[in-house]
Amino acid sequence: MAHKTDIEIAREAKKKPIQEIGAKLGIPAEHLLPFGHDKAKVSDAFIKSLSDRPDGKLILVTAINPTPAGEGKTTTTVGLGDGLNAIGKKAAICIREASLGPCFGMKGGAAGGGYAQVVPMEDMNLHFTGDFHAITSAHNLLSAMIDNHIYWGNELGIDQRRVTWRRVMDMNDRALRQIVTSLGGVANGFPAEGGFDITVASEVMAILCLATDLKDLQRRLGDIIVAYRRDRSPVYARDLKADGAMTVLLAQAMQPNLVQTLENNPAFVHGGPFANIAHGCNSVIATRTALKLADYVVTEAGFGADLGAEKFMNIKCRKAGLAPDAVVIVATVRALKMNGGVARADLGAENVAAVRKGCANLGRHIENVKQFGVPAVVAINHFVTDTEAEIEAVKAYVAEQGSEAILCTHWANGSAGIADLARRVVELAESGAAQFAPLYPDDMPLFEKIETIAKRIYRADEVLADKKIRDQLRAWEEAGYGNLPICMAKTQYSFSTDPNLRGAPTGHSVPVREVRLSAGAGFVVVICGEIMTMPGLPRRPAAETIRFNEEGFVEGLF
């Protein structure tokens, strides 16, 4: 019997009015700003009223390195939230918003799957509540004000050769990576080289996701370094008087979005930095709000634990004063077989040996999570093609690593299929076993922080960086930025910078191509290998199959 598609399941959801979902968390209807009947923003005034409440338990869901076979991290995050509610716990989910780039490119959506989804799925994967458009507008307002300042006499003495602020758009468009602006004569300004990143790589996105309130948001926006003068002194966004208008544009976007799962449990969906080129976590304000309202908060960090979880721990938790109580590492038999060398076309056939070989990738992630002092449990996200022997091989391997793997069938069965994991997560979170600590101290030199991540998380032998990059890092230290954490921009497909090197490689090098100071967000971006901050569309983009069907429903988002 053919299974229903994710979008067919989402379309059949029996959604409740968003006011009823808010009531589950004790949010009064007057503090919800509705967007239709099934989504709303939570007011700033209500969030401020929660400050004296104790925090619930924070559960991070992460995964092995992604493969074309699929891992189901968001599906497991949603399923676990439903599962915790089903066993009698008051739980909320916190995930990121979807970018239009991958939605129309390769991925095709980001709201979970099967019977563990957040709805309204179509809205979440398209314009949603307009947060990304607000971020794009605020970012590009700053770009326009830089060029305008230079055009009208350049009172700040900006060296046009050293303007570091690029433009953004929320779409994959490789043609805009490097461009020349202001062509066409005197009236259009001074021609200069520029370029676009995708909105989810914007420092404004990172700032919105790390800011605690509007005042903090404006301070961080003002701290953005947009350019340098000829004497190499920095020019900030506040020097251009752009921070106030940017904050006004972002005021509504700062309020977290509340939606629901298929089982009518509350889910906050807010913010969306990519984990391979940004810090990969939902907003601090959404996570903190959920922790004040629920006993358990299930959140995720993008891609594998080497990127998302590392940044969740070293950036988000460090900056926001958060500490996870347990970590769930998602793996599938299919993905482990790919890590064990099996081609995608052959994943349906039983191959226990390949599963065992691929488990090395999972084992590396278990070791890495434990380095942060947080207990970990493995969720085996079940596929119908998995065999008993393959599942048992994963369980046996994980037991050898001093952890536990639990089979989860939430995709097919919703909360009933993940109850065992939910109970185990409660045991871990309530045990007090977590002794969370970031991987490196604030006062470690920047290059040593990069080396620490490369050697302890990626298991690289060395970091390759030329004198120009090392000098730049030292200059930032001298300018007072040496205490910032590191945000690695690296392929998500491997522990190395080679996307084709699966499993658990050792003995490799991490080449650093560029470093960028995100002074407002409060971290240093380290661009490694061939990673791009503006992706391109694949040969056959998902956009080719997205359309309205004869019944007027959207097809192709999944």
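Hydrogens, waters and symmetry mates are skipped; everything else that's a heavy atom, side chains included, is used. Worth saying up front: this structure is predicted, and the values here are computed from it rather than measured. If you read the sequence from its start, that first residue is 1, and numbering goes on from there.
In terms of modelled atom types and a separation under 3.5 Å, the side chain of S494 and the main chain of R502 share no donor-acceptor contact. Put simply, the side chain of H31 never gets that close to the backbone of A45: no donor and acceptor are under 3.5 Å apart. Here the side chain of R364 pairs a donor or acceptor atom with the backbone of P505 at under 3.5 angstrom. Proximity of a side-chain donor or acceptor of R238 to a complementary backbone N or O of Q218 within less than 3.5 Å is not detected. Looking only at distances, no side-chain donor or acceptor of E71 sits under 3.5 Å from a matching main-chain atom of V330. Remark: side-chain polar atoms of T299 are paired, donor with acceptor, to backbone N or O of C94 under 3.5 angstrom. For the pair R174 (side chain) and L537 (backbone), a donor-acceptor distance under 3.5 Å is present. Side chain of D147 to backbone of I150: no donor-acceptor contact under 3.5 angstrom is found. Under a 3.5 Å cut-off, the side chain of K73 and the backbone N or O of G304 do not form any donor-acceptor pair. In this structure a side-chain-to-backbone donor-acceptor pair under 3.5 Å is present from D239 to Y236.
Side-chain contact between H279 and K319 is absent, with no heavy atoms from C-beta onward closer than 4.5 Å. Considering only heavy atoms from C-beta on, H508 stays 4.5 Å or farther from D498 through its side chain. F268 has its side chain out of reach of N257: every pair of non-hydrogen atoms, C-beta onward, lies at least 4.5 Å apart. Taking the side chain as every heavy atom from C-beta outward, T212 and R288 approach each other to under 4.5 Å. At a threshold of 4.5 Å between non-hydrogen side-chain atoms, the residues M254 and D44 do not count as touching. Between F104 and L126 the shortest side-chain heavy-atom distance falls below 4.5 Å. F436 is not listed as a side-chain neighbour of L58, based on a closest heavy-atom distance of 4.5 Å or more. In this structure, S182 and Y151 have side chains that are not in contact, with every pair of non-hydrogen atoms separated by 4.5 Å or more.
Between L80 and V298, the shortest heavy-atom contact is CD2-CG1, 3.9 Å. For the residue pair F274 and S99, the shortest heavy atom distance occurs at CE2-CB, 3.9 Å. What you find for L60 and M313 is that their closest heavy atoms are CD2-CE, 4.1 Å. Across every non-hydrogen atom of L249 and L141, the tightest pair is CD1-CD2, 4.0 Å. Closest of all the heavy-atom pairs between H270 and E97 is CA-OE2, 3.5 Å. Taking all atoms of both residues into account, the shortest heavy-atom contact from A309 to A301 is N-CB, 3.8 Å.
Salt bridge annotation for R474-D471: present, with a cationic side-chain nitrogen under 4.0 angstrom from a carboxylate oxygen. Ionic pairing of D223 and R220 is not present here: no N-O contact between side-chain nitrogen and carboxylate oxygen is shorter than 4.0 angstrom.
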Worksheet item: side chain to side chain donor-acceptor pair (under 3.5 Å) between K316 and T287: does it pass, once the steps are laid out?
Response: CA-CA 10 Å; K316 180 175 179 175; T287 303; 2.8 Å; yes
Worksheet item: Do H133 and D170 pass the side chain to side chain donor-acceptor pair (under 3.5 Å) test, and can you show the C-alpha distance, the side-chain angles, and the key distance before you say yes or no?
Response: CA-CA 8 Å; H133 299 312; D170 190 29; 6.0 Å; no
Item to complete: Any chance you could lay out the side chain to side chain donor-acceptor pair (under 3.5 Å) test for S233 and D231, step after step, and finish with the verdict?
Response: CA-CA 6 Å; S233 62; D231 63 2; 2.6 Å; yes
Item to complete: Kindly determine whether D213 and K215 satisfy salt bridge (Lys or Arg N to Asp or Glu O under 4.0 Å), including the steps that lead there.
Response: CA-CA 6 Å; D213 55 29; K215 187 175 180 180; over 6 Å; no
Discussion item. Evaluate I225 against W476 for side-chain contact (heavy atoms from CB on, under 4.5 Å), listing each step before the verdict.
Written reply: CA-CA 12 Å; I225 295 175; W476 287 336; 5.9 Å; no
Item to complete: Show the numbers, then the answer: is there a side-chain contact (heavy atoms from CB on, under 4.5 Å) between L362 and Q401?
Response: CA-CA 10 Å; L362 172 59; Q401 308 304 306; over 6 Å; no
Fill in: Derivation and outcome, side chain to side chain donor-acceptor pair (under 3.5 Å), residues N368 and D306
CA-CA 8 Å; N368 286 347; D306 58 316; over 6 Å; no
Practice prompt. Decide yes or no on side-chain contact (heavy atoms from CB on, under 4.5 Å) for F132 and M205, but give the supporting numbers first.
Written response: CA-CA 8 Å; F132 280 25; M205 172 70 80; 3.4 Å; yes
Item to complete: Evaluate side-chain contact (heavy atoms from CB on, under 4.5 Å) for L322 paired with L291, printing each intermediate quantity in order.
Response: CA-CA 10 Å; L322 301 172; L291 285 168; 3.8 Å; yes
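Evaluated for a side chain to side chain contact (heavy atoms under 4.5 Å, CB included) with I486, the options V525, I315, V526, T452 yield exactly one hit, V526.
Note: I95 CD1 to M124 CE = 4.5 Å, rounded to the nearest 0.5 Å. Taken from CE in M534 to OG1 in T199, the straight-line distance is 7.5 Å, to the nearest 0.5 Å. With values rounded to the nearest 0.5 angstrom, E300 atom CD is found 8.0 Å from N282 atom CG. Considering CG of L258 and OG1 of T289, their distance stands at 10.5 Å, rounded to 0.5 Å. Taking CD1 of I207 as the reference point, atom OG of S518 lies at 7.5 Å (rounded to 0.5 Å). Between R219 atom CZ and D243 atom CG the span is 11.5 Å, to the nearest 0.5 Å.
Remark: K292 engages L50, R53, D55 in a side chain to side chain contact (heavy atoms under 4.5 Å, CB included) (not counting sequence neighbours). Residues that satisfy the side chain to side chain contact (heavy atoms under 4.5 Å, CB included) test with N314, not counting sequence neighbours, are E310, R318, F372, P438, L439, Y440.
Within 6.0 Å of atom CD in E530, 12 or fewer heavy atoms from other residues, nucleotides or ligands are found, so the atom counts as exposed in its surroundings. The environment of F46 atom CZ is dense: over 12 non-hydrogen atoms of other residues, nucleotides or ligands sit within 6.0 angstrom.
Using cut-offs of 30° and 60° on the angle between ring planes, the pair W165 and H139 is parallel.
In this structure, R459 forms no cation-pi arrangement with F495, as its terminal cationic atom is not both closer than 6.0 Å to the ring centre and no more than 45° off the ring axis. A cation-pi arrangement, defined by a distance under 6.0 Å to the six-membered ring centre and an angle within 45 degrees of its axis, is present between K490 and Y458.
Among pairs with a residue in residues 185-235, none fulfils ring-ring contact (aromatic ring centres under 6.0 Å, His included), at least two apart in sequence or across chains.
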